[in-house]
Structures are given as C-alpha cells and as structure tokens.
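So that the names make sense, note that chain A is the first sequence line, chain B the second, and so on, each numbered from 1.
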Amino acid sequence: MHLEKYLKKLPQFLSTPNPEIYLGDNYVVLDFETTNISKGTPANPDNSIVLAVWSLGREHNRYERGGDNCYVKWGGEYELSELVDAIEEADFIVAHNTKFELGWLKRCGLDIDNVLPFCTQIGEYCISGNRNWTLSLEACLQRRGLGGKETVVSKLIKAGVCPSIIPMGWLERYCVTDTMKTEKLFLSQRKLAKKNGLLPVMFTRNIFTPPLIGIERKGLHLDDERVVAVNKHYRSRQQELLVEFDQLTDGANVKSGPQMRKVLYEDFKFEPPQDYRGEVIRTPKGEYSTSSKTMAKLKATTKQQKDFVRIKGELTKLTDAITKTLEKALQCVTNRLDSLLFVQFNQTITDTHRLSSTGLEYKIQGQNIAREFKPLFSPRHEGWSIGEIDEGQLEYRIAVHLGRDDTGLHDILGGVDAHAFTASIIFQNEWKSVKDDPTSPKRKKIRTNSKEHTFKPLYGGQSGTPRERKYYKAFRIKHKGITATQERWKAEVLRGGYLKTITGLRFYWPDTRVTQSGYIVNSTSICNYPVQSFATADIVPIAVTYQYHLMKIAQMESFLVNTVHDSSIGEVHPEERELFEEIGVYCMVDKATEYCKQVYNVELYVPLEAEVEFKSHWSDSDEWREKYDC
DNA sequence: TTGTACGGCGCG
DNA sequence: AAAGCGCGCCGTACAA
C-alpha cells in the first residue's frame with residue numbers, strides 16, 4: 001500500500017512504539033515560568049516566557065543531586081536554542097502538564113510533533129485510574145511522600161501576581177525546585193508504572209498530546225451567514241412562545257425548577273408521572289421532576305394543559321439552544337474576522353480516561369454540540385469540505401472482543417441489523433407486520449424507537465417497561481460471552497476492590513458489595529468502564545494520533561479540527577479527499593489494531609470498521625437549509 | 001457580591 | 001437500596 005512511504009517517516013516512538021523507552025535516562029525535565037494572561041497560555045501572543053529551567057536525566061549519575069545541575073535561562077522564547085537542541089537529542093521530555101510546556105516549545109520553533117512527552121500529571125492520572133485525585137504538582141508529590149509544600153512564590157502566582165514582577169532570585173529558586181521535584185515525581189511514577197504494568201497506558205495518553213495541541217490551535221470555523229440566519233429564526237420563535245408562555249403561567253421562568261414544579265403540579269394540577277413500577281419520578285434530591293422526559297409522560301386533558309406541555313417543551317429547547325450555542329456563536333462571528341471557535345482538550349478529567357473538552361473564549365465546547373447545529377460549522381477555505389471519520393459500532397465491537405462473544409462477532413461480520421432484533425421484542429406485534437418491507441415508514445419509525453434500547457444492556461441497563469426488560473434479558477442471553485465477562489469483572493471487584501483492564505489501567509470501586517437483595521453496588525459502572533475506556537480512551541486516540549502525524553508527513557494542506565470520542569473531524573482540500581480517507585480509515589482500522597498488538601499485546605478478535613463522510617459542513621441537508629432559509 | 005449545588009439538556 | 005455510562009455549560013436558588 002502506498003502509505004508505506006509516509007509510515008517510514010513517522011518519528012521512531014510511533015513507528016516502533018515501545019513504552020519501555022520511558023525507563024531510559026535520555027530525557028529532559030523542564031519547567032517554564034511565563035507571564036500570566038489567561039493562565040499563561042502560549043496561544044496568546046501577549047504572553048511570554050520569563051524563565052526556563054531544565055535538567056538532563058543522563059547527567060544525573062555524575063554527581064550528587066543538588067540545585068546546581070539545572071540549566072537556567074532568563075528571557076523569552078527566542079533565547080532557548082540550547083534547550084531546543086537538548087530536547088532534539090533526548091528520547092523524551094518530562095514536565096508537569098506537558099501540554100503547557102509543549103505549547104511554548106512550539107513557539108520556540110521546536111517541531112513538537114517529533115517530541116515524545118512524559119507528563120507527570122498524566123502519569124499520576126494513570127495511576128489513579130478513576131479515583132479522582134488532585135493532580136497539582138504539590139498534591140502528587142505529597143501523595144508519593146516527596147514533600148510538596150506550597151511556597152511563597154507558588155502562593156503569589158496562585159494569587160495572580162505575574163511571575164515577571166516576582167524577585168528574580170525567588171522565582172529562580174522556585175522554578176529550579178519545581179524542576180527537580182518534577183523529576184523525582186517522574187522517577188517515582190515510572191517505578192510504580194513498571195511494577196503495575198501501567199507504562200503502555202501512560203505511553204498512549206502521552207503520544208496524544210502533540211496532536212491535540214495541533215488540533216486545538218486550528219479552531220472550529222463557523223459559517224457566518226448560517227449563524228446569523230439560525231439566530232434570527234430561534235429568536236423570533238422564542239419571542240412568540242414567550243408571549244404565550246407568560247400568559248399561561250403568569251410570567252414564570254422556564255429555567256427555574258421550583259417555579260416549573262409549582263406551575264406543573266400545583267397550578268396546572270398535573271398528576272406527577274410514575275415510572276414502570278408505579279413510583280413517582282423524582283430528582284436525586286427527591287423533588288418532582290420537570291425534565292422533558294418526565295413531561296412526556298404527563299397526561300394532559302384540558303386544552304390549557306395541552307398548550308402548556310407543547311409550549312414548555314419547545315421553549316426549553318429554544319432557550320437552551322440560544323444560551324448555550326447560538327448567542328455565543330453569533331458573538332464569535334461578530335467579533336472575530338476569522339470566525340474561529342477555540343476549545344481546549346482536557347486529558348486528565350474523566351473517570352474512564354476519555355478526553356473532555358472546555359470551550360475557551362466563547363464557552364462552546366467541542367464534544368456536545370447539538371446535531372441540529374453541526375451545519376453551522378464549515379471549512380475556512382472556499383471549495384473545501386468537512387471530512388469525518390467514525391469508528392462504526394465501536395463500543396459494541398469492543399464489548400464483543402472483551403467477551404469473546406461469538407454471537408456478537410457473527411452478527412458484526414454478517415452485518416446483522418441489531419436494532420431489528422430490539423424491535424422484534426420491544427415492539428413485537430407491530431414489528432411483525434412490517435419487518436419484511438424495507439420501504440415502510442412504519443418500519444423505519446419502529447426501528448428508530450428501538451435504537452435507544454439496543455445497547456443499553458451493554459452498560460448494565462435492566463430497568464424499564466416489561467417489554468423493555470424482556471429485551472434486556474434477551475440481549476444478555478444472546479450475548480453470553482459479554483454477560484459472562486461482565487460477571488467476572490464484578491466478581492473481581494468484589495474480591496479486590498479494583499479491576500485490572502485489558503490495557504493495564506486499573507479502575508477502583510472500593511465500596512463494592514452485595515446488598516441483601518443480591519444487587520452488586522457499582523455494577524453498572526463496572527460493566528461500562530472497561531468497554532468505554534478501551535474503545536474511546538485508547539483505540540480512537542491512537543488512531544487520531546497516527547492520522548494527525550501521517551497527514552502532516554504527507555504534507556497535506558488538509559488538517560484536523562476536532563475529535564469526539566469515536567471520530568475525528570477535519571477540513572479537507574478538494575484534491576485531498578482520497579488521501580484523507582485513505583489515511584483516516586487506515587489509522588482507525590489497521591493502525592489502531594496493530595498498535596493494540598504492539599503496545600498492549602492485544603490481538604483484536606473483532607475487526608474495527610471506519611465510516612467516512614465528506615460534506616460542505618460538519619453536517620448538512622436540504623431540509624436543514626430549507627428550515628433556516630440559507 | 002461571590003461561590004456552589006441542583007436540575008436540566010446536549011453529545012458519544 | 002440500585003434501576004445504562006461518561007462529560008460541560010446554562011440559569012436559578014440559596015448560602016456565605
């Protein structure tokens with residue numbers, strides 16, 4: 001295959017990935033002090049490096065550790081060629097939150113895509129599994145018995161004092177100390193990681209960092225005209241509805257839970273809806289629920305009640321869309337000539353080690369943009385398209401792999417429609433009459449309604465209507481392998497309080513026990529985490545990492561702009577579609593599979609599958625354009 | 001005035 | 001005593 005010539009140019013840590021590289025001593029530990037606008041982000045040109053300190057792992061055997069074997073350089077990013085040279089000679093760099101240091105090194109002119117990082121924050125996160133530890137340098141040091149007290153300088157910085165005006169002697173002492181502490185932390189982590197088999201997972205998390213920086217810097221591009229048109233549409237509809245809503249409720253606020261509870265269950269005298277067991281649906285704190293799902297169960301009889309349910313439902317959606325997306329997108333296209341929206345990827349937040357994402361200036365984050373608004377995102381260049389590569393049925397396939405589930409494998413290989421099986425049980429009678437007529441709209445509708453239930457039992461879901469429960473049971477019987485594996489996981493956690501997963505990552509549920517009724521506490525999480533984690537925190541990041549590098553090596557003009565759990569999204573040059581697809585699919589399928597073997601010694605029993613789409617926008621359709629008249 | 005909890009809703 | 005999992009962001013309500 002002709003990707004061979006690009007593969008040959010991958011940096012060595014990617015062409016022959018080997019986590020044991022972290023056991024060597026050819027590393028550079030570094031720490032930067034910078035000016036502090038927006039937490040010192042290197043993305044802001046008004047920020048600059050104040051002080052850089054680094055030390056070399058291979059020099060440390062020569063003499064006793066002391067403050068003097070650090071390199072110290074005052075001044076900006078243009079005076080760090082010595083550091084850049086040292087990094088180019090090293091196997092990897094070490095820092096606490098390497099995304100920060102790498103961002104600055106990029107500004108120093110270093111090609112950070114050739115740098116292998118070891119982030120001590122990620123290191124601690126991998127050790128923590130899902131234990132939600134505080135991951136500041138101080139907290140990590142304390143946890144490993146390495147000191148880690150707050151100092152005067154750290155307090156000053158935390159209080160918002162810019163490092164550029166902190167006395168030089170103080171700042172230098174502080175930065176040198178932090179560098180040495182970071183190295184101690186690294187040495188402690190790698191020792192433990194080797195012992196517990198965590199090096200592979202640390203390696204996988206770390207090679208993702210340079211691609212994430214590259215993706216973050218590009219931003220997501222908004223289509224100005226569409227943003228304006230959709231805003232107008234939503235605003236005017238909101239105005240109409242607000243008038244009606246005010247009349248019906250005497251000016252209640254649709255966003256207020258207490259007010260909605262009063263309106264619904266006191267003023268309109270709705271009977272609080274019940275679940276399948278006949279118990280009133282309540283919030284975790286015991287209040288009557290006013291969610292849209294609960295509202296859907298309300299029995300409206302009078303015209304007033306019917307109007308209210310309809311208007312409240314629509315108004316909630318409108319308000320949500322306007323405040324969370326549309327208003328801010330409008331501000332972005334108004335304020336910024338380039339109409340770019342920036343997000344930040346967080347690598348150490350989630351329990352399952354997925355990425356999370358934070359919206360920066362305009363507070364729109366990249367992972368939960370409503371499907372309805374994906375058509376607002378367009379390529380920044382005329383004639384380009386948005387390309388999206390998706391891992392098809394990823395979590396299902398991974399569950400089938402982990403459970404060596406022959407029935408699942410058979411269905412996947414045979415392209416069996418999983419939702420049809422769901423429909424045949426939940427909508428038994430209705431389904432019978434239409435199941436063999438693929439053009440039937442009724443069939444389509446039943447199938448759509450079945451979708452939400454299909455994979456619920458995969459995550460431990462059992463409750464619902466009698467029909468639904470019948471399906472969940474059928475799923476567990478059908479997928480014997482998955483069910484048995486999940487039972488083993490629960491047993492392992494019951495025994496030891498934690499589960500060692502296929503990648504070596506450990507998840508902890510120390511309070512797990514069997515209740516009097518036989519229910520195992522935490523069982524839904526125990527069923528879910530190993531699947532969600534391996535699928536979307538390992539396989540997809542691996543694929544995106546390689547996709548990013550190969551696109552760059554192939555000198556493509558196209559580039560990635562986002563990744564959302566099971567997919568990557570890029571802006572694609574019209575003449576590069578074929579190559580974009582080839583690289584994308586290769587990475588999501590072949591490369592991810594190969595890496596699993598190389599790094600995790602996991603031979604995937606189920607094939608992966610990638611789906612590719614090119615569109616004028618992130619999503620697009622005639623109906624959508626008609627609806628918003630653009 | 002500021003910070004936090006809560007309920008709600010969006011995504012995979 | 002739990003009833004699919006994982007997140008981030010919103011406005012309200014209310015405490016400090």
Side-chain angles (χ1 to χ4, degrees), chain A residues 130 252-261 275-277 279 281-295 312-313 316-328 343-346 349-360 362-374 388 390-396 399 452-465 468-469 472 475-476 486 507 511-533 535-537 540 562-567 569 618-619:
Chain A
N130 59 333
N253 186 330
V254 72
K255 286 288 291 183
S256 162
Q259 288 183 41
M260 282 306 104
R261 267 187 279 282
D275 62 17
Y276 69 97
R277 294 167 313 180
E279 296 206 2
I281 303 171
R282 292 174 188 273
T283 69
K285 291 283 166 196
E287 300 287 354
Y288 288 163
S289 167
T290 64
S291 71
S292 60
K293 232 180 159 179
T294 308
M295 295 265 308
K312 199 268 179 189
T316 303
K317 274 194 188 300
L318 284 168
T319 310
D320 209 60
I322 289 168
T323 56
K324 287 172 75 170
T325 311
L326 297 178
E327 211 163 49
K328 295 182 292 186
V343 304
Q344 181 187 65
F345 293 109
N346 311 309
I349 299 281
T350 67
D351 274 14
T352 57
H353 286 220
R354 274 183 167 185
L355 285 181
S356 88
S357 135
T358 310
L360 294 180
Y362 295 98
K363 292 285 165 205
I364 296 180
Q365 59 123 350
Q367 300 184 321
N368 62 0
I369 292 162
R371 277 185 285 267
E372 180 74 5
F373 301 135
K374 290 193 175 173
E388 179 160 4
D390 230 85
E391 287 270 16
Q393 304 169 302
L394 182 59
E395 291 193 16
Y396 177 51
E452 61 170 302
H453 302 289
T454 300
F455 296 115
K456 195 161 146 183
L458 199 61
Y459 312 135
Q462 309 192 13
S463 73
T465 64
E468 285 164 7
R469 278 180 290 164
Y472 303 149
F475 182 98
R476 291 198 297 276
Q486 291 178 327
F507 290 120
D511 61 339
T512 306
R513 63 197 161 79
V514 186
T515 66
Q516 281 191 332
S517 65
Y519 180 81
I520 297 170
V521 175
N522 300 318
S523 60
T524 51
S525 299
I526 296 168
C527 291
N528 177 259
Y529 281 32
V531 180
Q532 182 182 116
S533 183
T536 59
V540 171
N562 201 3
T563 171
V564 192
H565 308 314
D566 66 357
S567 69
I569 298 100
W618 190 353
S619 160

Response to the item:
Taken to the nearest whole Å, CD1/A:I349 to P/C:dC9 is 10 Å
Worksheet item: Roughly how many Å is it from OH in A:Y529 to C1' in C:dG6, rounded to a whole number?
Response: 7 Å
Worksheet item: NA contact type, A:K456, heavy-atom cut-off 4.0 Å: base, sugar-phosphate, or nothing?
Response: base
Worksheet entry | Length of the line joining A:F345:CZ and C:dC7:C1', which is rounded to integer Å | 14 Å
Worksheet entry | Sole residue of A:T524, A:N130, A:N522, A:D351 in side chain to side chain donor-acceptor pair (under 3.5 Å) with A:Y529 | A:D351
Worksheet item: If you look at every strand shown and take non-hydrogen atoms under 4.0 Å, does A:S357 touch a base, only sugar-phosphate, or nothing?
Response: sugar-phosphate
Worksheet entry | Given DNA chain C, 5'-ward residue of the pair A:L360 and A:E279, judged by closest heavy atom | A:E279
Fill in: Length of the line joining A:E391:CD and B:dG12:C1', which is rounded to integer Å
13 Å
Response to the item:
Rounded to whole Å, the CD1-P distance (A:I569 to B:dC11) equals 14 Å
Worksheet item: Taking the inter-plane angle between the rings of A:F475 and A:F455 on a 0 to 90° scale, is it parallel (under 30°), tilted (30 to 60°) or perpendicular (over 60°)?
Response: perpendicular
Practice prompt. Could you check whether A:S533 gets within reach of a base, just the sugar-phosphate, or nothing at all, counting any heavy atom under 4.0 Å?
Written response: nothing
Discussion item. Any carboxylate oxygen within less than 4.0 angstrom of a Lys/Arg side-chain nitrogen, looking at A:E287 and A:K285?
Written reply: no
Item to complete: Considering non-hydrogen atoms only, spot the tightest contact between A:H353 and A:A537 and give its length.
Response: O-CB, 3.0 Å
Item to complete: Sugar-phosphate atoms are those with a prime plus P, OP1 and OP2; base atoms are the rest. Using that split, label each nucleotide of nucleotides 10-16 of chain C B, S or - for protein heavy atoms under 4.0 Å, 5' to 3'.
Response: BSSS---
Worksheet item: Heavy-atom distance under 4.5 Å between the side chains of A:R469 and A:Y276, does that happen here?
Response: yes
Practice prompt. Could you tell me whether the side chain of A:Q365 reaches within less than 4.5 Å of the side chain of A:T358, counting heavy atoms only?
Written response: no
Worksheet, complete the sentence: Per nearest nucleotide of DNA chain C, the residue lying toward the 5' end, A:Y519 or A:G359, is A:Y519
Worksheet item: Does A:R371 make a side-chain donor-acceptor contact with the base of B:dG10, cut-off 3.5 Å?
Response: no
Worksheet item: Closest approach of A:E395 and A:T536, non-hydrogen atoms and distance?
Response: OE2-CG2, 3.8 Å
Discussion item. Any side-chain N or O of A:T524 below 4.0 angstrom from OP1/OP2 of C:dC5?
Written reply: yes
Worksheet item: Are A:S517 and C:dA1 close enough that a side-chain N or O sits under 4.0 Å from OP1 or OP2?
Response: no
Fill in: Spacing between A:R277 atom CZ and C:dA3 atom P, to the nearest angstrom
10 Å
Discussion item. Between A:S291 and B:dG8, is there a contact of a side-chain N or O with OP1 or OP2 at under 4.0 Å?
Written reply: no
Worksheet item: So what does A:T290 hit on the nucleic acid, given a heavy-atom distance under 4.0 Å: a base, only sugar-phosphate, or nothing?
Response: sugar-phosphate
Worksheet item: Does some side-chain heavy atom of A:T454 sit less than 4.5 Å from a side-chain heavy atom of A:Y396?
Response: no
Discussion item. Do A:L355 and A:T350 have side chains that approach each other closer than 4.5 Å (heavy atoms only, starting at C-beta)?
Written reply: no
Discussion item. Using a 4.0 Å heavy-atom cut-off, does A:T358 contact any base of the nucleic acid, only the sugar-phosphate backbone, or nothing at all?
Written reply: sugar-phosphate
Worksheet item: What integer distance in Å separates A:N368:CG from B:dG10:P?
Response: 10 Å
Discussion item. Should the side chain of A:Q532 and the base of C:dC5 be counted as holding a donor-acceptor pair, with the cut-off at 3.5 Å?
Written reply: yes
Fill in: Nucleotide C:dA3, atom P - distance to CD1 of A:I526 in whole Å
13 Å
Discussion item. Any base atoms under 4.0 Å from A:S567, or only sugar-phosphate, or nothing? Heavy atoms, all strands.
Written reply: nothing
Practice prompt. Classify the nucleic acid contact of A:K293 as base, sugar-phosphate or nothing, counting any heavy atom under 4.0 Å across all strands shown.
Written response: nothing
Discussion item. Just N and O in the side chain of A:S292: are any of them under 4.0 Å from OP1 or OP2 of B:dC9?
Written reply: yes
Worksheet item: What is the nucleic acid contact for A:G464, judged by heavy atoms within less than 4.0 Å: base, sugar-phosphate only, or nothing?
Response: nothing
